[in-house]
Structure formats: structure tokens, C-alpha cells
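Please read the structure below before turning to the comments.
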Amino acid sequence: MLALPPAPSAPARRQVFVGTALAITAATTLLGGMLATWLQFRAVAPLRESPRRGLIRDWMPEKIVVPEVATNMMLIGLCVVCVMAQWAVYSAKRADRTHAGLAFGITALFGLMVVNAQVFTWTQMGVAADDGAFHTMFYAITGTMTLLLVVGIVFTAVAAFRFLGGRTKELEVVSASALYWYFITAAFTAVWFVVYVQK
Amino acid sequence: MTSIDTQRVASTAVGPPAVVVWITSADHKQVGRMFAGTGLVGLLMGLVLAILVAFERIDAEGYQLLDTDSATQVLAAARLLLTFGAVAPLLIGLAVALVPLQLGARSLALPRLAAGGFWMWLTGLGLAVASIIANGGPGGGSAEMVDLYLLGTIVMSTGLIMTATSLATSVLTARAPGMGLLRTPLFAWSALVGSVTLVLALPVFVGTSIYLWVDHKYARAAFGGNVGVSDWAGWALSQPFTYLLAIPALGMVLDIVPVMGRTRLAQRSGAYVALGIVSLAVLATVTQTMVTLPWEGDTFLDNAGDKIADLLPWGLLTVIPLLGVLGVLGTSALTLKNGKPRVAASLAFAMHGLLTIGLGVAAHILGSIDDVGVRGSIFEAGTYVAITFGSVTVAFGALCFWGPKLWGRRIPDKAALPLALLALLATVLGSIPYMIAGFAGQPGAVMDGFAYEGPQELWNSLTTVGFTLMLLTSLGFVALAAKSFTGGEAAGDDPWDGQTLEWSTSSPPPADNFSDLVIVGSATPLLDLKSGASGKVA
């Protein structure tokens, strides 16, 4: 066998963190592509007269009302999630299991709150999926966003179980889950603005 | 900290049954072999369907074996199988199996993600193919089966994204000490470039498929129902998306050529750049832009400013990837000129494949010029065949080259060389007549009811012969590989006098790849060691 110089113990490399960053890149192009298609459809929708805003694109049907309190609370809730996820990282670095556990719990709880608010929004808006282009695309894009949210909750649960289960030196998963929540918040901000604000 | 490449895998005397091991394994060599093996099966199935389609085009007066609807579905199934069922798994599978060995790592990064990706890809592809058989797919008559097809493509693509993520993470994080990014073997580098481009491009396809699925299932109001599937998602079965899948094939060539040329790779830095710029095609894919060159003959200079503004994106998205392929071709040719090439099947397959990929990429540029007048014609199928068959041919070469490392046995060159020549003939016959027929005006989307001046039956007959030859070549290669890898001549650990780390371990490698991890000081540590230079980092 050829004798290349032997290596000492390999330095730790942040595989989970880098993998999460790549997955976030994929999710960004997924949502970016979907938002671009949404904007493309809206740009070619026919014009109609709006009592409040004059001539507008006839994209979201007039009778549909967005429950703005719920959608705004989703955005605020995700901002809180970011703070809590970062708190989990901060506590985990100090091996503070009590506070880390609390931070993980609140992160997951607020994540569930956002999912709940999304379901509430779907119910309140009363969009029938078989009514037209806006309707199917609305469910496709918000459904995808919700799926990514659920992935975030599962990711947080895995990080919490690993850390609280005793693997307190493995901080990379905790950092990666925080990174994921930053992405989710940025992505939801884009979806919120395009789908619920611009309509 | 999660650092799987520092720990050796403990061996157990009594293990679970082999089937369970295969299903649950996260060993990259096992996962890679499963990818490549199923890729070969997909290739054979795709070629049979492609022959059916080509045969139908010979007589444009009516259908012989199929009807109008099923012909469209068979065409879709052939493209799906050749693109996502053959080229993608063959190249990605070989990368999964070999890249960690090239990097000097004990394992792939996030190996369960890659294994999960394989099973998702296989499940999704199976669903998509089954749905087409049951009257689904693009233009399918059964609404439920069209829904199932779209769901299958979503699952299949997600699986490939997962595996690509694992591969890219491996190259970024699991390299041996001393191996900077510009010291990675070129196949590993191409796996990184190809994986990142897939991570960027495939999610757009997934997003489109989600829209199509929800819309088709509930309203059919936005995307044109079953007919719209091809319009909106067909770009993933065409150029320039096929370039992205072919990127690892270019890296394979760049690793095979210097070893078989018995010299160092010429212009190594240029080769890294060349592989990188091929990935610019991802922009054309993600933006789904068909760029055209408005030449308009004599009037070109009248609006030169506008024309140049059109030329810039065309040059960036369409021409520059060709420069990358030409760079790979030039580097390979220069290396072979400097060295003493041996007559080997792997080299023959690799060079034939590279030439035909180059032909396809160049033809795609020609096809993107509106004034040439081949838009919507069968010309596009010719470019597709050149790139797809070229990629498959390179993968055959890679199996000849790295097969001994993975299985411990080698394919005899005498038996494989005729297959390499046959593959070249098959690709030429399968692609060039379609390109000529495209210039004559044969449409690409239909299989009957067309007429144009010229020997249209000849062109379509030649293509059918080309596809049949490719099927025979593939069958012959699969049989030869199966026979050689199970009972052929033992290969030894370093049968080709290799230059990179995978040749420093046993053939086949142990579960954790290397007995000891090593430090490397160059891109070709074994070659340096053999030639007396120090491979050690100063």
C-alpha cells in the first residue's frame, strides 16, 4: 500500500449546518420559482374596477377577504420564533439545559401557532380550490409554505431531543435549526407580501 | 459535533439478511451501486420506448403500433426514463459511490439523506412510469393517473435534491486534510458543481409540478390541464437542463484521460473553470428562458444596439456553457497529446461521450437561433439524443474505469472496446439524422401526418437503427459488466496506475473506505508519490 502521510484526527466540519444551508438554497429556489409564476399570472390577469383602488388586476376575486390580523400575527410569530431559536443556540452553547429546553419548547409552540393561523386563514378566506386559477395557486403556494413550516417544527423537535437527551456537545444541529427558522421567516415575509398584502 | 469521517465502522460477525442490508444501508458504495444499477434498467426501458417512437416516425401516413394519444405518452415516458431514469441515476450514483473515496473520507456526508433520496427517487419514478402505463402522464386520458404522474415527478425530484445535497455537502466538508477545493479530483469537483446546479434548478421544477398537480386535481383553470403538463414542465426533459445532468460526465472524462494517457492533466486550473462555466446553463434552466438570436440578415446593423442587448443573454446562457465543454475537450486532447495513451475501453467510451455531448451542446446553440428555423422541429430531439447518449457513454467508460475499485474485478478491454465503437455509431445515427430532418421541417411533437421534401423515411429509419444499436450496446455492456464484476479477472487495488486517493485503498474498499486517513498536498497525491515528489503538506 502506498504510504501517504497519515492524518491526525480529522477536524470537525459542520456537515449538518452546510447541508441545511444547501437545503435552504433549494427551498429558496422552490418558493422563488412559485412566487415568480404567481406574479406572472397576476401580471396578465384582466383589469377590473375596484371601489377603493380604481383600476386593478382581476386576480384575487373581489368577494374574498384576507384576515389580515391572522396573517400579520403569523409574520410576528415567526419573528418571535427566530429569537427563541437563537436563544436555544445561546443556551445550548452554555450547556444550560433548562433554558435551552424552554427555548426549544417556545420555538415549537410558536411554529404550531403559525400553522394554526394558516389553517384559520384558509378557513376564513373560504377559497374553494376548484373555482379558478387564483384559488389553486393560492393553495399550492401557501400549502408549500406550511409544509416547510412543519419541517421546521420537526427539525426543532429533533434538535431538542438530541440536546436534552444528553448530546450536549452536538451544537451544530441546534445552530442549523435556528438557521432554518431564519430562512422560514424570510420566506414567509416574501409570501406574506406577495400573496396577502399585494394580493 | 457530527463528524462521521473520523470514526471507523465497527464490523459485526452476524448481520441481518442481505435484502434488509440493501434496503436499510446508508453505505455510500451500496447506495451508489443501487442508483447506477437501477439507472441501467431505466436506460434499457427508455431505449425500448424510444425505438417505438422512432419506428412510428418512419411512416408518416399513419400509426403502426401506437395511436395518437399513446404515442404522446410513450414519447413522454421515453424522455422521463432516459433523463431521470437513466442519465441522472447513472451519473449521480457513480458520484455517490466514488466521490467519498476520491476525497479520502470514510463516508458520504449525511449518508442517510442520500439513501433516503435514492428510495424517494425510485418511488417517484416508479409512480410516474406506472401512471403513464395506466393512461396518465402528459396528455394522459385518466385524470387520476395524470395527478399521480405529477405527484411522482415531485417525489422523484425531491429524492434527487436530497442526494445532490448530500453529495455537495460531502465535497464541501469531507475532504482529506490538505485537500483544498482546487485540489479535489475533477470528478469530485464536477459532482459539486453538478449537485449545486441541481439544488438550484430542480426545486423550480418541483414548484411548477406542485402548481400543476393542485391545478389539475381541482380546477384545471390555470395550466391547461393534461396538455399543459408538457408546456409547463417539459423543460426538465430538454436542453439546457440536460447539460446540468451531464456535468459529472465531464468530470469523469477529466479523471479518466490523464490516467489512461499516463501523464498529468494539462491545464488543470482551466479544467476547474471549464466545469464551472458549464453550470451557467442553470440560469437558462431556472429562468426557463429560450434565448434566441435575432440575426435578421442584412438588417442586423440597423438596430445594432437592440440586437447586442439580445446577444448578451444569449451568449451568457447558451454560448458560454459550450465554451466550458470545449475547454474540457481541449484539456483532454492536450493531455492525450502530451502522454502515451493506452488503448482502453474506458478512454474510448469517455472520449466518444465527450465528443457527442459537445455535438449536442453546439447543436442546441444553433437551434436557439430563430433565423435557422428549426424551433419546434425534430432538431431538438437530435440535440437531446446527442447529450443523453453521450452522457450514458461516458458513464459506461466510468464503469470500466472505476468498476474494478467498486467490485474488485475488471471488464476486459477486448470485449468492451467494440461496444465503445458501437456506442459512437449509435449516437451518430440516433442524433444527426434527426438534426437533418429538423432542417427539412419535420415537426418534433407529432409522429404522423407530416411531409417535407427529402428522404424523410431514410432519416427516421437511420434514427431507429441508431436507437436499436444503442439498445444492443447497452444490453451488451450490462451483460459484460454483470459477468465481469461477478466472476471476472481480479483487478488489484490500483489497476490503472491511478493518481487520486481512491486508488490507495483496497478493491473493493472496506466499509469505512480507508485503513488510515491521510494528508494530501496536491491534486494528484498518488502520482506525486509514485514519481518521487513529496505528497506532504509543507
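Because the structure is a prediction, the values reported are computed rather than measured. All chains are named by letter (A, B, ...) in the order of the sequence lines, taking the proteins before the strands, and each is independently numbered beginning at 1. Any value given below was found using the heavy atoms of this structure, including those in side chains, with hydrogens, waters and symmetry copies removed.
- Remark: aromatic rings of B/W232 and A/F41 are close, center separation under 6.0 Å.
- Side chains of B/Y218 and A/Y139 form no contact here, defined as non-hydrogen atoms less than 4.5 Å apart.
- Nearest approach of A/A140 to B/V214, heavy atoms of both residues: CB-CG2, 4.0 Å.
- The closest side-chain heavy-atom distance from A/F17 to B/T173 is not below 4.5 Å.
- When all heavy atoms are compared, the tightest approach of A/T136 to B/A219 is CG2-CB, 3.5 Å.
- Closest approach of B/A221 to A/A133, counting heavy atoms only: CB-N, 3.6 Å.
- With a 4.5 Å cut-off on side-chain heavy atoms, A/T37 and B/F223 count as touching.
- Separation of atoms OG (B/S166) and CD (A/Q15) is listed at 9.0 Å; rounding is to 0.5 Å.
- Checking B/T165, B/L110, B/L172 one by one against A/V18, the side-chain contact (heavy atoms from CB on, under 4.5 Å) holds for a single residue, B/L172.
- A side-chain contact (heavy atoms from CB on, under 4.5 Å) with B/P203 holds for exactly one of A/L30, A/T25, A/T28; it is A/L30.
- Heavy-atom distances place the side chain of B/L501, and not its backbone, under 4.5 Å from chain A.
- Looking only at heavy-atom pairs under 4.5 Å with chain B, the residue among A/A26, A/A128, A/A21 that has the most is A/A26.
- Between A/M34 and the options B/I210, B/T208, B/V206, a side-chain contact (heavy atoms from CB on, under 4.5 Å) holds for only B/I210.
- Summarising the local packing, CH2 of B/W213 is surrounded by 12 or fewer heavy atoms from other residues, nucleotides or ligands at distances under 6.0 Å.
- Taking CG from B/L198 and CG from A/L22, the interatomic distance works out to 12.0 Å, rounded to the nearest 0.5 Å.
- Heavy-atom neighbours of B/R112 CZ from other residues, nucleotides or ligands within 6.0 Å: at or below the threshold of 12.
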